[in-house]
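Keep in mind that this is a model prediction, so the values were computed, not measured.
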Amino acid sequence: MLSKKGEVHVIHKRAYPFSAWNIVDLAMKFDLSLIKEEAFVLGMYPGYLNKRGEGYLCDSSFPVGLSSTYMFASCWSI
């Protein structure tokens with residue numbers, strides 16, 4: 001659930017193959033509009049730990065690399 005003025009923040013890699021996910025287009029399919037994109041700087045998030053999504057190494061971290069924080073809001077609240 002997302003409150004009327006709520007936001008969804010997604011940190012996502014910008015390099016291929018992740019760029020092929022077209023995260024902004026994907027969000028639009030769920031009535032979310034991009035309100036801001038900014039470079040993800042790991043040092044600004046003390047304690048941040050990323051995890052792999054699947055497989056036997058799913059509890060392992062991975063290099064963040066070139067990533068962005070995408071901020072979305074409901075199309076109905078803008």
Once you round to the nearest 0.5 Å, how far does CZ of Arg52 lie from CG of Leu57? 6.0 Å

With a 4.5 Å limit on heavy-atom distance, are the side chains of Lys13 and Leu66 in contact? no

So which heavy atom on Ser33 is nearest to which on Cys75, and how close? OG-SG, 3.0 Å

Hey, mind stepping through Ser68 and Glu37 against side-chain hydrogen bond (donor to acceptor under 3.5 Å, both in side chains) and telling me if it holds? CA-CA 6 Å; Ser68 284; Glu37 176 187 352; 3.0 Å; yes

Ile11, Val24: one ILVMFWY side-chain cluster at the under-4.5 Å cut-off? no

If the threshold is 4.0 Å, N to carboxylate O, is there a salt bridge linking Lys36 and Glu38? yes

Distance flag, aromatic centroids of Tyr48 and Phe40, threshold under 6.0 Å: yes

Mind checking whether Met71 and Tyr45 sit in one hydrophobic cluster, side chains of I, L, V, M, F, W, Y counted as touching below 4.5 Å? no

Student check: side-chain heavy atoms of Ile35 and Glu7 closer than 4.5 Å: yes

With no hydrogens and no angle check, is any side-chain donor or acceptor of Asp31 less than 3.5 Å from a backbone partner on Trp76? no

Look up atom NZ in Lys29 and atom CG in Asn22, then write down how far apart they are to the nearest 0.5 Å. 8.5 Å

Is it the case that over 12 heavy atoms from other parts of the model lie below 6.0 angstrom from the NZ atom of Lys51? yes

same_hphob_cluster(Tyr70, Val8) at 4.5 Å side-chain heavy-atom cutoff: yes

Are any non-hydrogen side-chain atoms of Val10 and Thr69 less than 4.5 angstrom apart? no

Give the cluster check for Leu2 versus Phe30: same hydrophobic cluster or not, with ILVMFWY residues linked at side-chain heavy-atom distances below 4.5 Å. no

Who else is in the cluster with Phe18 when I, L, V, M, F, W and Y are joined by side-chain contacts under 4.5 Å? Trp21

